[in-house]
There are 2 protein chains.
Amino acid sequence: MEALFQQIKAIYPISKEAEKSLAEICSEVSFKKGTDVQPIGHTCKTIYFVKKGCVRIYYFKDANDITESFEFENAFVARAESLFTGKPSRKAIQAIEDTVLIAIDSNKLFKLFDSYHDLERLFRKIIEAAYVNTVNRIESLQFNTADERYFNLLKDHTNILKRVPLKFIASYLGITQVSLSRIRAHK
Amino acid sequence: MEALFQQIKAIYPISKEAEKSLAEICSEVSFKKGTDVQPIGHTCKTIYFVKKGCVRIYYFKDANDITESFEFENAFVARAESLFTGKPSRKAIQAIEDTVLIAIDSNKLFKLFDSYHDLERLFRKIIEAAYVNTVNRIESLQFNTADERYFNLLKDHTNILKRVPLKFIASYLGITQVSLSRIRAHK
DNA sequence: GGAAGTATTTAACATATGATAAATAATCAC
DNA sequence: GTGATTATTTATCATATGTTAAATACTTCC
């Protein structure tokens with residue numbers, strides 16, 4: 001759990017008491033490569049923190065497996081569109097490598113916000129950062145070409161190719177695997 | 001300012017005191033159709049609420065004017081990637097119609113969060129909703145075809161065609177105006 | 001109300017990406 | 001280690017969207 005609190009400190013330090021209460025609603029969970037952390041159709045009630053390994057959020061569109069996002073060490077993961085609306089998610093979370101996550105019970109977390117203002121602020125800052133990321137991603141999907149998106153991804157995640165299969169990267173970029181292969185072939 | 005507090009009540013009701021303090025950092029501002037509310041290059045320090053009219057956020061990519069988003073009555077508008085990072089924005093906010101906005105000073109707002117926990121919670125919920133919207137938009141840009149995106153937009157914003165020029169809608173959808181014209185001509 | 005400017009459509013051609021299928025290459029399981 | 005499975009590339013052809021340019025249609029403003 002150390003890694004989580006380390007990360008929190010870097011975002012917005014919280015009181016010892018808040019830390020203690022937060023620790024009580026966290027638990028460590030492990031997943032083998034390729035297994036689902038949360039299945040499709042499940043209402044998201046957990047916020048995860050990646051301690052080791054990496055995960056993706058994915059869903060199916062017309063029987064095609066689409067990767068919505070990746071997360072690596074020290075990142076938070078949740079299916080926002082379910083967590084914040086209470087509706088079941090059409091998306092799943094899957095371990096791409098053998099992965100260790102810290103699971104935070106979101107209902108309990110939201111209750112803690114009443115007692116610990118600083119915890120809510122921390123969480124607000126986490127959401128703000130996630131929001132900024134999605135806004136930037138929209139910009140990239142809206143008018144960058146597929147190969148601009150590919151090379152930008154490599155720039156931001158230097159070693160993503162060593163950890164994530166290309167088929168996941170292709171759908172993440174909004175293209176087919178064949179198309180990605182062409183781009184890589186320097187086409 | 002009534003409309004703003006009406007809207008707030010629907011999201012997360014706040015105390016009278018918080019309302020009063022919030023009102024003190026709000027001011028009403030008007031813009032003629034076509035004018036910039038905030039220019040490119042400016043660091044975003046204001047959160048707007050649309051009282052009347054509509055606005056868009058736009059930027060230039062290779063000298064092409066790209067509309068990132070629209071907002072209509074009772075919505076909040078800000079350039080998140082600048083507001084939450086403190087960096088200057090490459091984007092501008094522009095009035096699409098004659099528009100009346102309520103401007104909220106963001107620095108003062110963030111200070112008020114220390115005194116009014118409920119105000120911060122309200123704001124958190126507003127960001128959460130905005131975040132969910134962008135996540136859904138990514139999904140749509142990632143793998144929907146241009147005409148799926150167009151018809152979904154019409155479904156969600158029934159009268160957008162009466163209020164927003166097609167050239168803005170085209171770039172919002174991630175396509176050229178010519179391409180949108182073809183889709184409308186029933187392909 | 002007419003001229004000037006702006007928005008939208010249409011046409012013709014170019015290009016990036018999709019779809020399908022087959023060939024390699026890499027990984028996994030026993 | 002070997003066969004089976006999975007991932008990636010390559011090839012071919014189809015199609016959606018981009019680009020440029022010109023034709024209409026619509027607004028705006030004096």
Side-chain angles (χ1 to χ4, degrees), chain A residues 31-36 53-54 56 58 60-67 70 94-99 139-154 159-187, chain B residues 31-36 53-54 56 58 60-67 70 94-99 139-154 159-187:
Chain A
F31 295 88
K32 281 267 163 222
K33 174 176 177 172
T35 58
D36 273 4
C54 66
R56 66 181 185 121
Y58 73 98
F60 288 95
K61 150 120 182 154
D62 307 335
N64 292 315
D65 175 320
I66 314 267
T67 296
F70 307 107
Q94 182 184 68
I96 296 179
E97 303 172 342
D98 289 353
T99 295
E139 187 179 332
S140 149
L141 282 167
Q142 215 177 348
F143 267 102
N144 285 6
T145 62
D147 63 70
E148 284 174 315
R149 298 202 293 276
Y150 176 66
F151 290 112
N152 284 338
L153 179 68
L154 295 194
N159 59 351
I160 195 171
L161 293 180
K162 296 196 189 93
R163 300 181 69 179
V164 178
L166 289 169
K167 63 178 174 173
F168 294 162
I169 292 176
S171 66
Y172 173 81
L173 296 174
I175 56 179
T176 60
Q177 198 185 345
V178 173
S179 201
L180 178 56
S181 235
R182 262 189 301 232
I183 288 165
R184 283 161 54 78
H186 206 212
K187 169 38 198 334
Chain B
F31 295 88
K32 280 271 165 218
K33 175 176 178 173
T35 58
D36 274 3
C54 65
R56 66 179 185 125
Y58 74 97
F60 288 95
K61 148 123 184 153
D62 306 336
N64 292 315
D65 175 320
I66 314 268
T67 296
F70 307 108
Q94 182 184 70
I96 296 178
E97 301 172 343
D98 288 353
T99 295
E139 186 179 333
S140 149
L141 283 168
Q142 215 177 347
F143 266 102
N144 285 5
T145 61
D147 64 68
E148 284 174 315
R149 298 202 293 278
Y150 176 65
F151 289 112
N152 285 336
L153 179 68
L154 294 193
N159 60 350
I160 195 172
L161 293 180
K162 298 196 187 90
R163 301 182 68 180
V164 178
L166 288 168
K167 61 176 174 173
F168 294 163
I169 292 176
S171 66
Y172 173 81
L173 295 174
I175 55 179
T176 60
Q177 198 184 345
V178 174
S179 202
L180 178 57
S181 235
R182 263 190 298 234
I183 287 166
R184 283 162 52 79
H186 205 213
K187 170 40 194 340

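Numbers restart at 1 for each chain; the letters A, B, ... are given by sequence-line order, proteins then strands. What you are looking at is a predicted structure, and each value in this text was computed from that prediction instead of being measured.
Taking atom CG on A:Leu166 and atom P on C:dT27, their separation rounds to 11 Å, with Å as the unit. The nearest whole Å value for the distance from the CG atom in A:Asp147 to the P atom in C:dA16 is 9 Å. Regarding A:Asp98, its CG atom lies at a distance of 10 Å from the P atom of C:dC28, rounded to whole Å. The nearest whole Å value for the distance from the CD1 atom in A:Ile183 to the P atom in D:dT8 is 15 Å. Put simply, CD1 on B:Ile96 is 18 Å from P on C:dT6, counting in whole angstrom units. Summarising the geometry, the separation between NZ on A:Lys167 and C1' on D:dT8 is reported as 11 Å, rounded to the nearest angstrom. Across the protein-nucleic acid pair, B:Phe168 atom CZ and C:dT6 atom P stand 12 Å apart, rounded to whole Å. Nucleotide D:dA7 holds its P atom 10 Å from the CG atom of A:Asp65, rounded to whole Å.
Checked against side-chain hydrogen bond (donor to acceptor under 3.5 Å, both in side chains), A:Lys33 has no partners two or more places apart in sequence or in another chain. B:Phe143 pairs by the ring pair (Phe, Tyr, Trp, His ring centres under 6.0 Å) definition with nothing, not counting sequence neighbours. B:Asp98 pairs by the side-chain hydrogen bond (donor to acceptor under 3.5 Å, both in side chains) definition with nothing, not counting sequence neighbours. Partners of B:Ser140 according to the side chain to side chain contact (heavy atoms under 4.5 Å, CB included) rule, which considers only residues two or more places apart in sequence or in another chain, are B:Asn144, B:Arg149. Remark: A:Asp36 engages A:Tyr58, A:Ala92, A:Gln94 in a side chain to side chain contact (heavy atoms under 4.5 Å, CB included) (not counting sequence neighbours). Evaluation of the ring pair (Phe, Tyr, Trp, His ring centres under 6.0 Å) rule for B:Phe31 yields no partner, not counting sequence neighbours. A:Lys162 is linked by a side chain to side chain contact (heavy atoms under 4.5 Å, CB included) to A:Asn159, counting only residues two or more places apart in sequence or in another chain.
Proximity note for B:Arg184 (side chain, C-beta onward) versus D:dA7, C:dT8, D:dT9: the nearest is C:dT8. When distances run from any side-chain atom of B:Ser181 to the nucleotides D:dT17, C:dT9, C:dT17, the shortest one goes to C:dT9. Closest to the side chain of A:Pro165, out of C:dT8, C:dT17, D:dT8, is D:dT8.
The rotation axes computed at either terminus of the helix from C:dG1-D:dC30 to C:dC30-D:dG1 lie 60° apart, taking five pairs at each end and rounding to 10 degrees.
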For this session: Treat primed atoms plus P, OP1 and OP2 as sugar-phosphate and everything else as base, then score nucleotides 18-30 of chain D 5' to 3': B for base contact with protein heavy atoms under 4.0 Å, S for sugar-phosphate contact only, - for none.
Result: BBB-------S--
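Listed for the B:Gln177 side chain is no donor-acceptor partner under 3.5 Å among the backbone atoms of B:Leu166. Side chain of A:Thr35 to main chain of A:Lys32: a donor-acceptor pair is present (N/O by atom type, distance under 3.5 Å, no hydrogens or angles).
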